[in-house]
2 protein chains.
Amino acid sequence: MIKRSSARDRILETASQLFQERGYSEVGINEIIDKADTAKATFYQHFPSKESLCTEWLKAVHERSERVRQEILDSDLAPAEKIDRYFVGLGQFLEENDFRGCPYTNTGAVIDEECACIREKIESHKLAIRAFFHKLTAELCPTGRRAKALGDTLFLLFSGATVEGQNLRSLWPVEAARAAAGELCARESDPTAS
Amino acid sequence: MIKRSSARDRILETASQLFQERGYSEVGINEIIDKADTAKATFYQHFPSKESLCTEWLKAVHERSERVRQEILDSDLAPAEKIDRYFVGLGQFLEENDFRGCPYTNTGAVIDEECACIREKIESHKLAIRAFFHKLTAELCPTGRRAKALGDTLFLLFSGATVEGQNLRSLWPVEAARAAAGELCARESDPTAS
DNA sequence: TCATAAACAGACAGACTTGTCTGTAAAGTG
DNA sequence: CACTTTACAGACAAGTCTGTCTGTTTATGA
């Protein structure tokens with residue numbers, strides 16, 4: 001007989017999907033356990049609260065996205081190509097998730113102010129993405145002291161593309177951001193070009 | 001005796017404040033009517049549902065933001081200065097609202113998919129901002145066929161600054177976006193500069 | 001002054017929420 | 001086999017939510 005995945009895994013996976021699709025605050029525990037085909041007592045045996053389920057979910061999301069960034073960094077592409085690849089990946093992510101945008105941003109918009117634990121996770125996730133761009137722009141223009149500013153610009157283009165892709169349910173913001181990033185990188189590595 | 005503002009006005013004003021502070025889905029009607037010092041029957045006399053209150057709120061937000069953009073367009077500043085002014089205004093807005101970000105984006109993250117009425121409002125609000133940037137970039141470089149692309153880039157920087165200002169509770173994303181926008185504008189109006 | 005409209009207070013319905021609890025059944029381990 | 005962990009089923013508490021309803025009070029205008 002096929003061993004079913006553990007109840008905990010089913011709960012976390014189901015919750016991840018539902019949170020991503022409709023948002024943390026719009027999904028209740030009852031629905032999660034129904035769809036995960038488990039019992040409420042089992043849920044509370046593995047997670048002390050709904051909030052802890054949220055942090056586990058976000059942790060998994062962060063780890064996966066860090067792996068993606070690390071793979072890009074480890075690849076032998078040129079810096080500008082690495083950046084381009086990351087924007088292409090964003091487009092795929094949005095399409096795969098029905099343009100639901102960033103789980104961190106979406107969650108941050110609904111949890112209350114005093115939930116410091118989740119707020120910190122949001123901040124560090126965003127700063128990790130920013131640091132990723134900083135690494136790449138430093139690689140791109142090792143002599144330029146504008147690497148940091150360029151990294152911030154790319155980070156903001158990336159965020160803007162994510163959120164407007166979500167708002168407009170469209171891929172054009174990602175493509176526009178990608179094109180802008182490509183041009184900025186080209187200009188930075190060859191400042192004399194038009 | 002001082003005439004108190006009408007119950008409807010009090011409800012809408014109170015709801016606007018609470019929705020902005022904590023998000024549409026996190027604020028209940030009971031809290032709104034308590035804080036607005038009115039009765040539930042009165043609420044339902046003026047608004048058929050909570051959702052209709054939401055659309056009224058968003059409508060008012062949109063109208064105010066359109067006025068701000070129109071004022072900038074009507075001013076006698078140079079195009080690049082108009083753009084700069086809009087970014088400065090964003091920083092003020094975020095500070096005044098405790099970095100709660102864009103009401104439209106925040107609401108879009110929690111309302112369900114089939115609520116087409118609100119989805120449309122989000123889309124047209126965002127496209128209005130984009131059109132604003134397009135107008136300015138067309139003014140900035142009347143001959144350049146890259147005006148549209150530049151407008152989109154500025155739009156995405158603006159969105160990115162808004163959402164990351166919210167996520168990080170900080171003003172640096174706005175300042176970084178502003179600086180990047182300034183540089184892009186300068187380069188566009190004088191393409192030979194470094 | 002009288003009539004009409006608006007606002008009031010608040011009970012109520014019915015469905016939802018998170019979380020606790022009791023007890024039972026199954027599965028893995030010595 | 002016996003023991004222990006894990007999962008299951010689901011009632012229950014205590015609270016939330018939106019929305020309806022009844023009836024009273026206050027204000028406004030003819």
Side-chain angles (χ1 to χ4, degrees), chain A residues 1-58 106-107 109-118, chain B residues 1-58 106-107 109-118:
Chain A
M1 176 188 168
I2 297 164
K3 185 167 183 292
R4 224 162 44 135
S5 56
S6 79
R8 187 180 196 280
D9 289 350
R10 267 177 295 145
I11 290 168
L12 188 51
E13 200 165 323
T14 307
S16 299
Q17 200 180 320
L18 294 173
F19 287 163
Q20 172 71 42
E21 278 170 13
R22 304 214 311 277
Y24 170 68
S25 64
E26 304 308 298
V27 179
I29 285 180
N30 292 318
E31 186 182 353
I32 293 169
I33 60 172
D34 281 357
K35 297 231 163 98
D37 207 35
T38 186
K40 190 172 274 197
T42 309
F43 174 90
Y44 281 101
Q45 217 161 316
H46 291 290
F47 302 94
S49 65
K50 188 191 173 190
E51 197 180 299
S52 82
L53 179 62
C54 179
T55 68
E56 292 287 304
W57 165 53
L58 291 179
N106 290 338
T107 304
V110 295
I111 54 154
D112 44 62
E113 207 59 44
E114 69 255 21
C115 183
C117 150
I118 291 179
Chain B
M1 179 188 168
I2 297 164
K3 185 169 183 289
R4 231 170 29 144
S5 56
S6 80
R8 188 181 195 281
D9 290 350
R10 268 176 295 146
I11 290 168
L12 188 51
E13 199 165 325
T14 308
S16 299
Q17 199 180 320
L18 294 173
F19 287 164
Q20 173 71 41
E21 279 170 13
R22 304 215 311 277
Y24 171 68
S25 65
E26 305 307 299
V27 179
I29 285 180
N30 292 317
E31 184 181 353
I32 293 169
I33 60 173
D34 281 358
K35 298 231 164 96
D37 207 34
T38 187
K40 191 173 271 199
T42 309
F43 175 90
Y44 281 100
Q45 216 161 318
H46 291 289
F47 301 95
S49 65
K50 189 190 173 191
E51 197 180 299
S52 82
L53 179 62
C54 180
T55 68
E56 292 287 304
W57 165 53
L58 291 179
N106 290 339
T107 304
V110 295
I111 54 155
D112 43 68
E113 207 59 43
E114 69 255 22
C115 183
C117 150
I118 291 179

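Both backbone and side-chain heavy atoms feed into the values below; hydrogens, waters and symmetry mates do not. If you're wondering where the values come from, they're calculated on a predicted model, not measured in any experiment. Chain letters run A, B, ... following the sequence lines, proteins first, then strands; residues in each count from 1.
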Check DNA chain D against residues 12-21 of chain B and give the residues with a non-hydrogen atom under 4.0 Å, in numerical order.
none

Taking atom CD of B/Glu56 as the centre, report whether more than 12 heavy atoms of other residues, nucleotides or ligands fall under 6.0 Å from it.
yes

Taking only residues two or more places apart in sequence, or in another chain, which ones meet A/Thr14 in a side chain to side chain contact (heavy atoms under 4.5 Å, CB included)?
A/Leu18, A/Lys35, A/Ala36

Which residues satisfy the side chain to side chain donor-acceptor pair (under 3.5 Å) test with A/Gln20, sequence neighbours excluded?
none

Length of the CZ-C1' vector between B/Arg22 and D/dT16, whole Å
13 Å

Distance, rounded to the nearest Å, where A/Phe47 contributes CZ and C/dG19 contributes P
13 Å

Set of residues satisfying ring pair (Phe, Tyr, Trp, His ring centres under 6.0 Å) with respect to B/Phe19, sequence neighbours excluded:
B/Tyr24, B/Trp57

Between P of D/dA27 and CD of B/Gln45, the distance in whole Å
16 Å

Using atom NE2 of A/His46 as one end and atom C1' of C/dG19 as the other, report the distance to the nearest whole Å.
16 Å

Without placing hydrogens or testing angles, list every side-chain donor-acceptor pair under 3.5 Å for residues 40-49 of chain A, not counting sequence neighbours.
residue : atom : partner : partner atom : Å
A/Lys40 : NZ   : A/Asn30 : OD1          : 2.8
A/Ser49 : OG   : A/Glu51 : N            : 3.4
A/Ser49 : OG   : A/Ser52 : N            : 3.2

Nucleotides 17-24 of chain D: protein proximity per nucleotide (B base, S sugar-phosphate only, - neither; heavy atom, under 4.0 Å)
SBBBB---

Taking 4.0 Å as the cut-off, does a side-chain nitrogen or oxygen of A/Arg8 come that near to OP1 or OP2 on D/dT5?
no

Round to the nearest Å and state the distance from A/Leu53 atom CG to C/dG19 atom C1'.
14 Å

